[in-house]
There are 2 protein chains.
Amino acid sequence: MSFQERKKKIVSAVNAAGSLSVFELSEKLSMSPATIRRDLNDISEEGLLIRTHGGAMKMDNPVLTSFADKSGANENNKETIGKMAADFVQDGDIIFLDCGSTVFKMCRHIKNRNGLKVITNSLPVLAELFDAPGISINLIGGEIDKQRRAVHGERAVQHIDQYQANKAFIGVDGISAEKGLTAHSEVEAMITSAFVRNADEILLLCDSSKIGKDSYFRFGSLALIHKLITDKDLGNQTTAALKEKGLDIVKG
Amino acid sequence: MSFQERKKKIVSAVNAAGSLSVFELSEKLSMSPATIRRDLNDISEEGLLIRTHGGAMKMDNPVLTSFADKSGANENNKETIGKMAADFVQDGDIIFLDCGSTVFKMCRHIKNRNGLKVITNSLPVLAELFDAPGISINLIGGEIDKQRRAVHGERAVQHIDQYQANKAFIGVDGISAEKGLTAHSEVEAMITSAFVRNADEILLLCDSSKIGKDSYFRFGSLALIHKLITDKDLGNQTTAALKEKGLDIVKG
DNA sequence: TTAAATTTGATCAAAAATAATCAAAAACGA
DNA sequence: TCGTTTTTGATTATTTTTGATCAAATTTAA
């Protein structure tokens, strides 16, 4: 086994277990502790996990968590939300798809639609739908945001403003009855706002962990949202508070 | 078994297995380890798999591999042209990169530049340069052309017209002293024309098989081109005819 | 706090893999 | 056909990787 392979195995083993000791890894991979230490140092240098005394633990910086990483937080709920959201997509629709992991989950479930037109700024969405014969894709142009694997910027907003869609499937970083919709960053909020302003129906995909939380940039009120698609873990009290605000809630 | 055949077999074997050692491959294909090593190095140079100590493993950029370029005819010449063209790219440049396999070959050789700004409509180019820390990418928006793995259309042309670059690296489907530049399709010609009109210096990458040939859509004269980068197989007579037309020819 | 136990980084030698070199074999072109 | 070029496999020197050892650093326990 080459050290490149070993490194991959170590990363996924540590990600799966949360944390592992040098000794556990050395046993699991039948390698000497010295080698494991060297590997761990290399890997942590690359920023893929956190070195601890005696071993390593998983790095959970939400920004770096790639979409391919199946071990992300709230995986099951996001999957369920994605599936439910896909039910609102019909043949012939013109839809905006935002970047973000929950919206990405939808894609797998809409690949068999026909005559669908997807307008997106998300590279994972592009990659996922690229092979679908019944779907034509309009890619939003502009600066590539490597961290978010998406296109952002003024140019991208201009692009979106030239189109009109039936439905927009969007994600946010926080939502609450008091502050409305919030995002981690202004650039992302600009894009989402553009989607909202150019679509007939706005569907917000948001797992329960983000509901009731506020992120730092406020960019819109709840009144903009036609449907909130979320998971079963959303408390009844919060649900009631949001329904009070006139939100149509779809709960997994 | 030819080198090309073997190469294909190695790539698919490694992709199927995830990873294979030099010895496993040498047994499977009945070739000496020395040959397998040579092959592996060539293949990993082309970026189709990752060379490891002791073997190779499959390359999986989870989001963007689907756009990886499939290698076709005239491989070696295109590779050489790409390498030469890369020499004309300097740190800090703003460049247009056209879609097409020869231009794509450049990418691997410019990954280590710093402060480079790349404006492109090619998905393979995007995938290849995505990881390069010194390069920022501006993706041209518009309709995705799945067959060419690129963005085309009126919207894309508008996008390009908003920018000005130092250099444009373009490809064509045909070039001759009589008819000038020709393309397979009008959509592609529109994009290339837009690149030409918005860049200070135009560098045409074109292997000798396309020189002297005409494709069906004429879209520009040779006078637009500042440098023609081609391979060693270009006949002396043709070379002379093109030089007559004022072309600066760089020959591998 | 000090003392004991554990973990680490550095160093080194052995083992494994590689690159470089060269001659034989095969493919190619005139 | 013959001479040239390309490809292949064997040999050898070099480089990389690994595991062991041990002193220094860190953590734990008393």
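In what follows, chains carry the letters A, B, and so on, assigned in the order in which the sequence lines appear, proteins first and then strands, with residues in each chain numbered from 1. Computed from a prediction, not measured in an experiment: that's the story for all the values here.
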Across the strands shown, which category fits A:Thr52 at heavy-atom distances under 4.0 angstrom: base, sugar-phosphate, nothing? sugar-phosphate
I'd like to check the ring-ring contact (aromatic ring centres under 6.0 Å, His included) partners of B:Phe217; sequence neighbours left out, ordered by chain and number. none
Tell me the interatomic distance from A:His53, atom NE2, to C:dA5, atom C1', rounded to whole angstroms. 13 Å
Without decimals, in angstroms, what is the distance between A:Leu40 CG and D:dT18 C1'? 15 Å
In whole angstrom, what separates A:Asp42's CG from D:dT17's P? 9 Å
Is the shortest side-chain N/O distance from B:Arg38 to OP1 or OP2 of C:dA19 below 4.0 Å? no
Of all the nucleotides listed (D:dG19, D:dT26, D:dT16), which has the minimum atom distance to the side chain of A:Ala34? D:dG19
Please examine the side chains of A:His152 and A:Cys99, heavy atoms only from C-beta on, and report whether any two atoms are closer than 4.5 Å. yes
Nearest to the side chain of B:Arg51, heavy atoms from C-beta on, is which of C:dT8, D:dG9, C:dA19? C:dA19
Base-pair map of DNA chain D as dot-bracket, where | denotes pairing with a different strand and pairs are Watson-Crick or G-U under 3.5 Å: ||||||||||||||||||||||||||||||
Has B:Ser32 got a side-chain N or O lying under 4.0 Å from the OP1 or OP2 atom of D:dT8? no
Distance check needed: D:dG9 C1' versus B:Leu29 CG, whole Å only. 15 Å
A:Arg37 side-chain proximity, nearest of C:dT8, D:dT17, D:dA20: C:dT8
Identify which nucleotide among D:dG19, C:dT7, C:dT18 has an atom closest to any side-chain atom of A:Met31, counting heavy atoms from C-beta outward. D:dG19
A:Ser19: which residues meet the side chain to side chain contact (heavy atoms under 4.5 Å, CB included) condition with it, sequence neighbours left out? A:Met57
Taking the side chain of A:Arg6 as its heavy atoms from C-beta onward, which of D:dT27, D:dG9, D:dT18 lies nearest to it? D:dT18
What is the distance, to the nearest angstrom, from the CG atom on B:Asn41 to the P atom on C:dA19? 5 Å
